[in-house]
Amino acid sequence: MDLCNEKDIKALLGRHGFRFSKSMGQNFLIEGWVPRDIAEASGAEAHCGVLEIGPGIGPLTVQLAQRAGRVAAIELDKALLPILAETLAPYDNVSVIPGDAMKLDLAALVNEQFPGLTPIACANLPYNITTPVITALIEANCFASITVMIQREVALRICAAPGTSDYGAFSLFCQYHTQPEFLFEVPPECFLPAPKVTSAVIRLVPRPEPPQDLVEESFFFQVVKASFAQRRKTLLNGLSAAFGSRLDKDVLRSILEDCGLPADVRGERLGIPEFARLAATLQNHLHAQ
Ligand code: SAM
């Protein structure tokens, strides 16, 4: 059976009485080049254990199983389990894990599933949980790479440079922990049912070290959050809303000046080094009080 032939897929789904669930972000791939190119881009090889989230009926799982040492695929929809048992039957290096990827301890799962292998993550993610899943994959802190297909719009946000309209707190989070790369786009016609938006594949490679060591990570992100909380406001107003009870606005203005930043600068202009310098200077002032 061809897992990327629309007619074969419809016949398979019909035989199992399967109904698509919008709330589970179910858009299945129906073009063979897409799972092939995603698996290829993931760099899956015999020494890798691949964690997949949402195998659907398994077109990407099959491509990964043909390349990797092991594949563990977490699927939330119980109705897909008998279908996966059929489509993945030829592969003895795949485990399907029924459950919600958002509720599982991904690092523990990787330890248990992939002893002696290099863990990587690869998935065509459900649109509705893209951001929390990417956050969980990064925070699991155990993957050598994370290759995911997501909405193009979110992919652009993740890879955005400071000063562009796509740049925001999530770009900074991803770019602080990883080096993101925009790989290729996938049009809506490649899915059943076709989504309203274009998709894109990105690869995130975790940085061996944080990009700066001027300041504690948690305080760095506190400052980032404060700076983007009021997107159309100046950085000074954002910082004042978050730290105003402890630091006078004039002190905050002089902190910006010390960091070489104009008083009317907006958060979206600052890259990681500028945020790190600002957070370190702010923290020094807070400690000195
Ligand atoms: N990988 C398949 C493909 O490319 O054709 C299906 C991708 S589809 C966009 C997303 C898949 O994720 C669906 O199979 C859906 O049931 C599953 N899913 C949705 N939410 C999930 C969750 N929280 N945990 C695990 N799987 C989930």
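Counting convention: from 1, in listed order, for ligands and their atoms alike. We count residues from 1, following the sequence as given.
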Practice problem: Compute the minimum heavy-atom distance from Lys103 to ligand 1 and say whether it is under 4.0 Å. | Solution: no
Quiz item: Should we count CZ of Arg207 as having more than 12 external heavy atoms under 6.0 Å?
Solution: yes
Quiz item: Under a 4.0 Å heavy-atom limit, does Pro35 contact ligand 1 with its side chain, its backbone, both, or neither?
Solution: neither
Exercise. Give the numbers and elements of all ligand 1 atoms closer than 4.0 Å to a heavy atom of Leu76.
Key: 20 (N), 21 (C), 22 (C), 23 (N), 24 (N), 25 (C), 26 (N), 27 (C)
Exercise. Please name the pair of heavy atoms, one in Gln175 and one in Pro180, separated by the smallest distance, quoted to 0.1 Å.
Key: CG-CG, 3.8 Å
Practice problem: Please indicate whether Arg15 has more than 12 foreign heavy atoms, meaning atoms of other residues, nucleotides or ligands, lying under 6.0 Å from its CZ. | Solution: yes
Quiz item: Which of the listed options, Glu75, Met149, Met24, holds the heavy atom that is closest to atom 16 (O) of ligand 1?
Solution: Glu75
Quiz item: Got an N/O contact under 3.5 Å between Leu60 and ligand 1?
Solution: no
Practice problem: May I ask whether Ala123 has any heavy atom positioned less than 4.0 angstrom from an atom of ligand 1? | Solution: no
Self-check item: Full working for side chain to side chain contact (heavy atoms under 4.5 Å, CB included) between Arg67 and Glu40
Solution: CA-CA 8 Å; Arg67 293 166 171 77; Glu40 206 52 45; 2.8 Å; yes
Quiz item: Of Gly54, Ser21, Pro126, Cys190, which has the heavy atom at the shortest distance from atom 20 (N) of ligand 1?
Solution: Pro126
Quiz item: At a 4.0 Å threshold, what atoms of ligand 1 neighbour a non-hydrogen atom of Ile74?
Solution: 25 (C), 26 (N)
Exercise. Please report the closest heavy-atom contact between Ala68 and Val50, naming both atoms and the distance.
Key: CB-CG2, 3.5 Å
Quiz item: Which ligand 1 atoms, with their elements, are less than 4.0 angstrom from a heavy-atom of Glu52?
Solution: 1 (N)
Quiz item: Counting from 1, what ligand 1 atoms have a heavy atom of Gly99 closer than 4.0 Å?
Solution: 24 (N), 25 (C)
Quiz item: Of Asp258, Leu239, Val215, Val265, which meets side chain to side chain contact (heavy atoms under 4.5 Å, CB included) against Leu278?
Solution: Leu239
Quiz prompt | Polar contact flag for Leu29 and ligand 1 (N/O pairs, less than 3.5 Å) | solution = yes
Quiz item: Has Gln66 got more than 12 heavy atoms of other residues, nucleotides or ligands less than 6.0 Å from its CD?
Solution: yes
Self-check item: side chain to side chain contact (heavy atoms under 4.5 Å, CB included) between Tyr91 and Val71, worked out
Solution: CA-CA 10 Å; Tyr91 302 93; Val71 180; over 6 Å; no
Quiz item: Which residue, Ile146, Leu60, Thr61, forms the side chain to side chain contact (heavy atoms under 4.5 Å, CB included) with Cys122?
Solution: Leu60
Practice problem: List the steps, then state whether salt bridge (Lys or Arg N to Asp or Glu O under 4.0 Å) holds for Glu257 with Arg253. | Solution: CA-CA 6 Å; Glu257 208 175 300; Arg253 201 174 280 114; over 6 Å; no
Self-check item: Atoms of ligand 1 close to Gly25 [distance to a heavy atom under 4.0 angstrom, numbered from 1]
Solution: 8 (S), 9 (C), 10 (C)
Quiz item: Nearest non-hydrogen atom to atom 23 (N) of ligand 1 belongs to which of Asn128, Asp100, Ile57?
Solution: Asp100
Practice problem: Kindly confirm or rule out an N or O of Gln26 lying under 3.5 angstrom from an N or O of ligand 1. | Solution: yes
Exercise. Could you see which bit of Val133 sits under 4.0 Å from ligand 1, with heavy atoms only: side chain, backbone, both or neither?
Key: neither
Practice problem: Among all protein heavy atoms, pick the one closest to atom 4 (O) of ligand 1 and tell me residue, atom and distance. | Solution: Asn124 ND2, 2.7 Å
Quiz item: What residue and atom, counting heavy atoms only, is the protein's closest point to atom 24 (N) of ligand 1, and at what distance?
Solution: Ala101 N, 3.0 Å
Quiz item: Does Arg70 use its side chain to pair, donor to acceptor, with the backbone of Pro115 at less than 3.5 Å?
Solution: no
Quiz item: atom 2 (C) of ligand 1: which protein heavy atom is closest, and how many Å away?
Solution: Pro55 O, 3.2 Å
Quiz item: With only distance considered, is Asp77 within less than 3.5 Å of ligand 1 through an N or O on each side?
Solution: no
Quiz item: For ligand 1, which atoms, with element, lie under 4.0 Å from some heavy atom of Leu80?
Solution: 14 (O), 16 (O)
Exercise. Any atoms of ligand 1 less than 4.0 Å from a non-hydrogen atom of Gly56? List them with their elements.
Key: 2 (C), 6 (C), 14 (O)
Quiz prompt | Shortest non-hydrogen separation from Phe143 to Leu137 and the atoms involved | solution = CD1-O, 3.5 Å
Quiz item: Under the side chain to side chain contact (heavy atoms under 4.5 Å, CB included) criterion, do Ile158 and Ile150 qualify, and how do the steps go?
Solution: CA-CA 11 Å; Ile158 289 173; Ile150 56 180; 3.8 Å; yes
Quiz item: Which ligand 1 atoms, with their elements, are less than 4.0 angstrom from a heavy-atom of Asn27?
Solution: 7 (C), 8 (S), 9 (C)
